[in-house]
Amino acid sequence: MADKRRKLGFETRAIHAGQRPDPTTGAIMTPLYLSSTFAQSEPGKHQGFDYSRSGNPTRLAFETCVADLEGARYGYAMASGCIGATTIVHLLSAGDHVVACDDMYGGTFRLFDKVFARQGIQFSYLDLTDPGALESALQPSTKLLWLETPTNPLLKIMDIAALSDVAHAQGVHVVVDNTFMSPYFQQPLALGADMVLHSTTKYINGHSDLIGGVVITDDDELAEQLGFLANALGGVQSTFDSYLCLRSLKTLAVRMCAHEANALQIARFLEAHPRVDRVVYPGLPSHPQHDLAARQMSGFGGMLAVYLKGDLETARRVLSRVELFTLAESLGGVESLIEHPAIMTHASVDPAQRRAIGIDDTLLRISVGIESVDDLIDDLDRALVAR
Ligand SMILES: *Cc1c(COP(=O)(O)O)cnc(C)c1O
């Protein structure tokens, strides 16, 4: 009977998937199971949980729900996005090769370049906005294609379906860091990817009060290996943070809609502003890949990049004059943040590489929150026109 029913909608699953009233008390919210270990009735016989590193009921509810939102059966909640990436790369062995996009989260690049490269994993970094570029970069030892789309901070879009086709023809697994879109606006597994990574620190939790990550797959074999690695490496998410993420998922859809509506208005305002050189936002027709973005994503998200007219001093001045926007790293929370990638989030990227991908001194990255958009626009306008 159930399989004859229409699949439940995103908003419904965000509130109910993986959750039911607590059988012992009727509590409708999944309890915080703050127990490191679980009683066994006979050696090896338990109710599905034996030790909280390998599995915890609160964490499992979050993992089940977030995986469901990505159209998958398996999720592994981690203590950070970085340890999620670390766990994925541990699928590989020394000598294996990874092709990654050249404009990704600075911490992911640092992890690859300064940690895994030293352990014998090989990396090629490539502009993958042209799917044709991938074919020639694949080697017999290539095991993983690492995509982040839209990229951070320049919001370049990669064609997940086309790139996955090229990768799969050579038996290469595809990972998409989907942090910027959340499952509400982009579902990489449906486009052909094998694994999805989120820094749940960002939109999934959405309230800037925890650090977390999740790795999601619908592939049984990958799930078995990832489950093994999550437990063996031990970078799992705490029960309390799993609880917060589970709670936050319930409002993901309404938050994403509000982020996007505000971002689009701010992008249009900035694009028309005399002190602004250029705005990068996938929802603007001026974005070079607006059509691909519209095809691949169901919305354009809450992140935008803006190049000011002027120099580093202009950027410093604007950043010190904003009042509602907080000058801070990170993104995806309900409050608006602004930052300077060259000095802040992307400081660990080599300056020459930074310039090559377009992160210059007048570039600001904005994470648009869900405050009243008129207040946000007034704040930006005041900061831009002040001398
Ligand atoms: C923040 C972020 C990460 C890293 O996640 P942490 O939770 O900070 O470890 C990875 N990818 C993207 C796109 C991010 O924004």
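One-based numbering, in listed order, for ligands and for the atoms of each. The structure displayed is predicted, hence computed values, not measured ones.
The CG atom of D374 sits 7.0 Å away from the CD atom of Q265 when rounded to the nearest 0.5 Å.
In the hydrophobic clustering, Y243 connects to L32, L34, L210, F240, L244, either directly or through intervening members, whenever side-chain heavy atoms lie under 4.5 Å apart.
For ligand 1, the atoms lying closer than 4.0 Å to a non-hydrogen atom of G212 are 7 (O). Applying the 4.0 Å criterion to heavy atoms of G81 picks out, from ligand 1, the atoms 5 (O), 6 (P), 7 (O), 9 (O).
Ring pair F38/F49 is tilted by interplanar angle, where 30° to 60° counts as tilted.
Among protein heavy atoms, atom 9 (O) of ligand 1 sits closest to C82 N, 2.8 Å. With hydrogens left out, the protein atom closest to atom 15 (O) of ligand 1 is K202 NZ, 2.7 Å, a heavy atom. The nearest protein atom to atom 4 (C) of ligand 1, hydrogens excluded, is given as Y105 CE2, 3.3 Å; this is a heavy-atom distance.
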Donor-acceptor list for residues 9-17 side chains, cut-off 3.5 Å, not counting sequence neighbours:
from : atom 1 : to  : atom 2 : distance (Å)
R13  : NE     : L8  : O      : 2.8
R13  : NH1    : D68 : O      : 2.9
R13  : NH1    : D68 : OD1    : 2.8

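With a 4.0 Å cut-off on non-hydrogen atoms, E148 touches ligand 1 through its side chain and not its backbone.
In terms of polar-atom proximity, F180 is not counted as a contact of ligand 1, lacking any N or O under 3.5 Å from an N or O of the ligand. Residue S199 has at least one nitrogen or oxygen atom sitting less than 3.5 Å from a nitrogen or oxygen atom of ligand 1, judged on distance alone.
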side-chain contact (heavy atoms from CB on, under 4.5 Å) between Q19 and L246, worked out: CA-CA 10 Å; Q19 297 154 76; L246 180 65; 3.4 Å; yes
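More than 12 heavy atoms of other residues, nucleotides or ligands sit less than 6.0 Å from atom CD of Q119.
Tracing side-chain contacts under 4.5 Å through hydrophobic residues (I, L, V, M, F, W, Y), one reaches L319 starting from I266; they form part of the same cluster.
Among L331, D177, T201, the residue whose heavy atom sits closest to atom 11 (N) of ligand 1 is D177.
Heavy atoms of A85 come nearer than 4.0 angstrom to ligand 1 in no pair at all.
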